[in-house]
Structure formats: C-alpha cells, structure tokens
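Structure first, commentary second.
Throughout, protein chains are lettered first and strands after them, A, B, ... in sequence-line order, and every chain is numbered starting at 1.
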Amino acid sequence: MDSKTQDNDMQGNKTHNPDSTSSSRQISRPGQSPTQDTPSNPAPRVRFAPSPTGYFHVGSARTALFNWLYARRHQGTFILRIEDTDKERGKEEWTEGILSALDWLGLHYDEGPYHQSERTSLYNEALSKLWDAGFLYACNCTREEVLERTRNNQTPGYDGHCRDLGYSRSGHALRFKVPRSGLTAVTDVIRGNVDFPHQAMEDFVVAKSDGSPLFVLANVVDDIDMDITHVIRGEDLLPSTPKAILIWKALQGEDANLPVFAHLPMLVNEKRQKLSKRRDPVALESYRLKGYIPDAFCNYLALLGWSHPSGKEIMKIDEIISTFSLEDVNHSPAFFDVVKMTHINGEYIRSMSTADFIDVSSKWLEEAEAPWSRDRFDMSIYTRIAGLIQERVATLSEIIPMIDFFLLDMPIYDDNAVSVLDGNPEAIHLLETALERFSGCDWETDVLHEQTATIAAEYDLKLSKAQAPIRLAVTGKKVGPPLFESMSILGREKVLQRLQELLYRIKTN
RNA sequence: GCCCCCAUCGUCUAGCGGCCUAGGACACCACCCCUUCAAGGUGGCGACACGGGUUCAAAUCCCGUUGGGGGUGCCA
C-alpha cells in the first residue's frame with residue numbers, strides 16, 4: 001500500500017502556498033467568538049469529501065452546494081476529496097457518479113479530486129507520529145469480546161481493555177487514548193459551543209489491524225495537509241468532531257490551528273428521519289431523469305436551511321452567492337419537499353426564453369423514454385409548439401404526454417375518458433358536425449376556433465364543453481396544450497382521421 | 001442505555017426583547033380570467049410544543065418537561 005507514495009506529489013496539484021496560508025490563518029480560536037467572515041481573513045479553503053459507497057444523493061448535493069457557495073462567496077477554494085479508504089465498499093463507478101453529479105449541478109471544484117486511497121503514506125506518517133508520541137495503543141479485542149465485556153456497563157462502547165497491555169503496533173487495530181477526564185469543546189459557527197465530556201467518549205480506532213487508516217484519522221490528516229479552513233458538513237458528523245479535534249491537537253499541539261466547523265442541519269424525509277439511500281428516493285440522477293433543471297435544483301437546495309435576507313426565494317445563483325452566509329444557516333432539520341422543488345423548477349422553466357427552453361428540453365428529450373421512436377421526433381413541429389408547452393410544465397418529463405400526439409400516427413387514447421362518451425348521441429353528433437365543418441374550412445387557428453364556437457352555439461354548449469370531445473379525439477386526452485393551435489399545427493388530414501377514429505370507438509363500443 | 005443536536009402554519013422559513021392582533025413561499029380551499037390544463041390575479045384556511053422563571057415588556061433570554069432526530073463500527 002506504500003507503493004503509491006509518489007502519487008502524493010504527482011496529484012498534489014496544490015496551487016496555494018502552505019506557509020502563507022498557515023501562518024496567517026487565525027480564523028478559528030475555540031473559546032472566542034466562532035467565526036467572523038471579515039475581509040481581513042485569508043481566502044477560505046473548503047472541501048467536499050464524499051465517500052464513493054453508493055449513488056450520489058441529495059444530501060451530498062446539499063453539502064457540496066453549501067461548501068461551494070461559501071468558497072465562491074469569499075473567493076475561496078473549493079476542493080474535492082474522494083474519501084475512499086474503505087476498500088471493501090468503495091467502487092470506481094460511484095466515484096464517477098460523484099464527478100458527473102457535481103458537473104451536472106455546476107459545482108465545479110478548484111482543486112482535486114484527491115483520492116485518499118492514493119495518500120496512504122501520509123496517514124502512515126501521521127500514525128507513526130501519534131504512536132511514537134504515545135497517543136495510541138494497539139488493541140486485539142474482537143467486536144464480540146468488547147460487547148460481551150461491556151454488556152452491563154452504563155456506557156457501552158470500548159472499555160479501554162488493551163490500553164496498558166503493551167501490544168506491538170503491527171497487526172493490531174490502533175486506538176486513540178482519549179483523556180479520562182475533561183472535555184473537548186467544538187466551536188461551531190451554526191451551533192455555537194458544544195462540549196463533549198471525555199468520559200462519554202471511548203478510545204476510538206484510528207487504524208485497522210491491517211494498517212489502513214479509518215475515516216476520522218485520514219480526514220484530519222488531509223484537512224491539515226490541504227490547509228482546510230472551514231469544515232462544512234452534515235450534522236451527523238458532529239459527534240465525531242471531538243475525536244477529530246483530539247487527533248488534530250495530538251498532531252499539532254494544543255494550540256493547533258483548528259478549522260472553523262459548520263454542521264449543517266440534516267435533510268429529512270416525511271417521517272423526519274435522515275435521508276437514507278435505502279428507503280428514500282434521493283438519487284440525484286433520478287431528478288435529472290425526471291427533468292429537473294440543475295439551477296432550480298441548487299436554488300431549492302439552498303433554501304433548505306438558509307434564506308435570503310429579503311425572503312425572496314427564486315434567485316440567480318450569483319445572488320445566492322453574494323448573500324450566502326454560514327451564520328444565517330438555521331439549526332433545525334429540513335424536509336426535502338419535492339412538491340416545492342417542482343414549483344421552483346416550473347418557475348425556472350417559465351423564466352427561460354423560448355429558445356433556451358427548446359434547446360434544453362429537446363436535448364433532454366433525446367435521452368428520455370418516450371412513446372415515439374426517436375426518428376419520429378420532428379424538431380420543426382416541436383419548435384412551433386414548444387412555447388405553448390413551456391408555460392404548462394413544471395418538469396421536463398411532463399412534456400412527453402403533452403406532445404406525444406404530435407409525433408405518433410394515432411394518439412394514445414385515455415380509455416376512461418373515451419368510455420364516458422360511449423354511445424353518447426350528443427357527442428357523436430357533435431363530432432360528426434366538427435368532422436364536416438373542419439373538412440371545408442380554412443386551416444388556421446382562428447378559423448378553427450370560430451368554427452368550434454359556432455358548433456358550440458348550435459348545441460347550446462359553452463366552448464369549453466364543446467371542445468372537450470374534439471380534444472379527446474385529436475390528442476387522446478382530456479388535457480393538453482391549447483387545442484386550436486395544436487390542430488393547426490397537426491394538419492387537417494390527421495385531425496379528420498382522429499375525429500373518425502374516436503367516432504368509430506364510441507359508436508362501436 | 002449513554003452522548004449530542006433540534007423545537008414558529010401540513011411543509012420550507014422570516015423573526016435575533018417592544019415595530020408580532022407573528023410576515024413570506026409551497027401545498028390546500030374559494031372566486032376571477034379562460035378553448036382543456038397550467039400560468040396569472042384576488043381572498044381564505046393555518047403556527048410560536050408545554051411548564052416555570054428573568055424583565056416594565058418574551059416567539060425572541062434562562063431552567064425544566066415532553067417530543068423528534070443524530071451518534072454510539074477494525075463504515076464514512
């Protein structure tokens with residue numbers, strides 16, 4: 001595993017000067033007021049550090065976004081670090097998923113991606129340093145043994161059994177000697193000061209018996225090496241923060257330059273549980289597939305835990321950046337509400353120019369699952385109808401049922417709607433009248449409108465009632481884009497053909 | 001069990017001691033507009049978890065209770 005040592009330099013494409021950063025970095029001093037994002041502070045360095053153990057989900061997207069926003073707000077550096085120390089669980093494809101997700105969201109990193117799997121020598125150095133300084137001890141207890149021993153204790157967890165047994169370092173798990181008394185204070189921008197009594201902390205493992213480092217160790221070593229100034233992550237990591245601080249101080253001394261911590265409130269499901277890959281629909285990819293716009297997605301995500309001072313909700317990303325502040329992030333968990341996100345997505349879609357909408361949506365449609373075969377997609381028709389569609393959809397996937405009747409020989413008939421008209425004499429007469437009138441009139445939107453209005457008057461119906469069976473015949477559905485515009489684009493031949501088709505269906509059924 | 005976090009309309013939030021008979025947004029309901037559906041417009045419904053303090057004054061500060069959540073891996 002040490003064979004990758006060279007890679008540290010190879011991929012360590014750092015552009016900052018460690019000396020200048022570390023010497024002037026006085027940002028966080030536990031005990032003093034949390035953070036001041038004053039202009040006098042040096043440019044912050046933040047990192048998004050996902051582990052590639054599954055598909056990319058919305059919680060990760062939110063964390064990435066807030067890191068990115070903070071970096072952009074303060075002209076800082078946004079670093080991507082892949083935490084792939086767990087060889088068992090990590091997979092190459094998940095790493096690719098992280099990259100493509102960030103790219104889709106538009107959260108481009110300034111540095112990285114670093115891979116922890118290529119930085120093991122760094123962790124080994126740190127481990128040796130800690131071992132030599134007496135901060136660690138070797139432990140050969142199995143999980144079962146620990147459980148057995150601590151079953152009746154008030155505070156389960158490892159009991160320090162091997163602390164003074166003097167096992168040799170190699171071949172054993174390495175544990176950190178947590179002080180028996182005192183406490184570690186975590187200073188958090190969002191939550192203030194949080195104290196963790198040492199008595200409630202177990203001697204945690206920092207390296208597996210095979211020598212590989214664990215998350216909390218690699219995490220701290222990298223944050224130090226990369227001069228991370230602000231650790232912005234989910235609140236679920238708050239309980240591991242005192243461990244990180246203990247390691248930090250063991251490595252750098254009591255006056256270590258700790259980063260500013262900011263633990264974001266969790267994103268939760270309707271049952272108010274932390275979003276889970278297993279039980280909640282949180283794959284970022286699924287939202288791309290459903291036709292959400294990345295900018296709208298980010299806009300919505302930014303609103304989860306943060307809000308613009310004026311209360312405005314629909315904002316360009318630049319405006320979010322210029323007003324974003326960690327101090328303004330609130331404390332409580334937020335429900336990931338697809339309904340509201342969908343509304344925001346609709347706002348974004350409607351605010352596009354029609355040309356942009358055509359561009360974005362047609363590209364999306366190319367990859368979408370649609371009832372028409374790909375070669376049937378007619379850009380000239382789509383261009384003519386797109387403006388009418390744009391005002392009516394909140395997600396791109398809603399376009400499909402709105403335009404399918406343009407691209408298919410025959411529409412997909414809504415059986416329920418058709419059955420309502422079965423044998424209905426008025427509907428039959430009305431459709432026959434329409435068939436007759438539409439055969440002879442000029443083929444223009446206004447004329448079709450007038451003709452239908454005339455028919456409505458003859459049957460003593462409101463236009464909205466009279467157009468219903470015609471709409472069903474032409475589009476197959478009860479709802480859709482404006483009818484007369486649609487007929488005008490579809491052409492006389494297809495419209496007449498479809499009127500006959502529906503007549504046939506309701507007469508014979 | 002133990003440790004930690006959180007607590008304003010159903011949801012996201014504004015509020016950082018008086019401007020609050022608590023504001024906005026989504027959702028919902030009604031009406032208007034209208035070629036369906038949307039969009040848009042108008043109006044409506046709807047919350048400070050509870051109990052103690054502190055204060056002339058508390059949604060805002062403190063304590064407790066209750067409720068919810070997170071953590072407690074040789075996962076991250």
Validate the cation-pi geometry between A:Arg62 and A:Phe66: distance from NZ or CZ to the six-membered ring centre under 6.0 Å, angle to the ring axis within 45°. yes
Does A:Arg175 make a cation-pi contact with A:Tyr158, if we ask for NZ or CZ under 6.0 Å from the ring centre and within 45° of the axis? yes
Find the distance between OH (A:Tyr114) and CZ (A:Arg47) and round it off to the nearest 0.5 Å. 13.0 Å
Which value, rounded to the nearest 0.5 Å, describes the distance between A:Phe135 atom CZ and A:Ile247 atom CD1? 11.0 Å
Assuming nearest nucleotide by heavy-atom distance, tell me which of A:Glu391 and A:Val194 is located more 5' along RNA chain B. A:Val194
Do side-chain atoms of A:Asp225 reach the backbone of A:Val221 as a donor and acceptor pair under 3.5 angstrom? no
Expressed in whole Å, how much space separates the [atom1] atoms belonging to [N] and [M]?
N	M	atom1	result
B:G64	B:G71	C1'	24 Å
B:G41	B:C4	P	49 Å
B:C63	B:A7	P	14 Å
B:G10	B:C45	P	14 Å
B:A76	B:C20	C1'	45 Å
B:G23	B:U8	C1'	11 Å
B:U60	B:C9	P	14 Å
B:C62	B:G67	P	22 Å

Starting from [atom2] on [N], measure out to [atom1] on [X] and report it in whole angstrom.
X	N	atom1	atom2	result
A:Asn193	B:C3	CG	C1'	16 Å
A:Asp414	B:C37	CG	P	15 Å
A:His449	B:U36	NE2	C1'	12 Å
A:Lys478	B:U35	NZ	C1'	16 Å
A:His263	B:C3	NE2	P	20 Å
A:Leu147	B:G1	CG	P	17 Å
A:His198	B:C3	NE2	P	15 Å
A:Phe336	B:U13	CZ	C1'	17 Å

May I ask you to list the residues of residues 452-473 of chain A, by number, that have any heavy atom positioned under 4.0 Å from an atom of RNA chain B? A:Leu463, A:Ser464, A:Gln467, A:Arg471
Which residues, if any, of residues 297-305 of chain A bring a heavy atom under 4.0 Å of RNA chain B? A:Leu303, A:Leu304, A:Gly305
Paired with [N]: which nucleotide, if any, by Watson-Crick or G-U wobble criteria at under 3.5 Å for both distances?
N	answer
B:C26	B:G10
B:G73	none
B:C45	none
B:C50	B:G64

Please determine if [X] and [Y] form a salt bridge, counting it only when a charged side-chain N lies under 4.0 Å from a carboxylate O.
X	Y	result
A:Asp84	A:Arg119	no
A:Lys177	A:Asp203	no
A:Glu235	A:Lys274	no

Non-hydrogen atoms of A:Ala466 and A:Leu430 that approach each other most closely: O-CD2, 3.6 Å
Can you name the nearest heavy-atom pair linking A:Phe176 to A:Val206, along with the distance? CB-CG1, 4.2 Å
I'd like a table of atom pairs between the protein and nucleotides 69-76 of chain B - only N or O on both sides, under 3.5 Å - with the distance next to each one.
unit_1 : atom_1 : unit_2   : atom_2 : d
B:G70  : OP1    : A:Lys274 : N      : 3.3
B:G71  : OP1    : A:Lys274 : NZ     : 2.7
B:C74  : O2     : A:Ser209 : N      : 2.9
B:C74  : O2     : A:Ser209 : OG     : 3.0
B:C74  : N3     : A:Ser209 : OG     : 3.1
B:C74  : N4     : A:Cys141 : O      : 3.4
B:C75  : OP2    : A:Lys208 : NZ     : 2.9
B:C75  : O2'    : A:Asp86  : OD2    : 2.7
B:C75  : O2'    : A:Arg89  : NE     : 2.9
B:C75  : O2'    : A:Arg89  : NH2    : 2.7
B:C75  : O2     : A:Arg89  : NH2    : 2.8
B:A76  : OP1    : A:Thr85  : OG1    : 2.7
B:A76  : OP2    : A:Phe215 : N      : 2.8
B:A76  : O3'    : A:Glu83  : O      : 3.3
B:A76  : O2'    : A:Ser51  : OG     : 3.1

Parallel, tilted or perpendicular: which fits the ring planes of A:Trp94 and A:Tyr55, with parallel below 30° and perpendicular above 60°? perpendicular
Write down the protein N/O and nucleotide N/O pairs, taken from nucleotides 63-65 of chain B, whose separation is under 3.5 Å; answer none if there are no such pairs.
none

Check this for me: A:Asp460, atom CG, are more than 12 non-hydrogen atoms of other residues, nucleotides or ligands nearer than 6.0 Å? no
Should we say atom CD of A:Glu319 is surrounded by more than 12 heavy atoms from elsewhere, each under 6.0 Å from it? yes
Between A:Val338, A:Ile344, A:Leu396, which is the residue that forms a side-chain contact (heavy atoms from CB on, under 4.5 Å) with A:Tyr292? A:Val338
A:His263 pairs by side-chain contact (heavy atoms from CB on, under 4.5 Å) with which of A:Val329, A:Leu237, A:Ile232? A:Leu237
Residues that A:His172 engages under ring-ring contact (aromatic ring centres under 6.0 Å, His included), provided they are two or more places apart: A:Tyr167
Compute the ring centroids of A:Phe336 and A:Tyr300, then answer whether they are less than 6.0 Å apart. yes
Base B:C37 to side chain A:Arg392, donor-acceptor N/O within 3.5 Å cut-off: yes
Can A:Asp159 and A:Arg149 be said to form a salt bridge (charged side-chain N to carboxylate O under 4.0 Å, His left out), step by step? CA-CA 8 Å; A:Asp159 57 356; A:Arg149 249 192 343 262; 2.7 Å; yes
Using a heavy-atom cut-off of under 4.0 Å over every strand shown, decide if A:Phe335 touches base, sugar-phosphate, or nothing. sugar-phosphate
Under 4.0 Å, heavy atoms only, any strand: does A:Asn330 hit a base, just the sugar-phosphate, or nothing? sugar-phosphate
Going 5' to 3' through nucleotides 23-33 of chain B, assign each nucleotide B (protein heavy atom under 4.0 Å from a base atom), S (under 4.0 Å only from sugar-phosphate atoms) or - (no protein heavy atom that close). -BBSS------
With the side chain of A:His331 defined as its heavy atoms from C-beta on, choose the nearest nucleotide among B:U13, B:C6, B:C4. B:C6
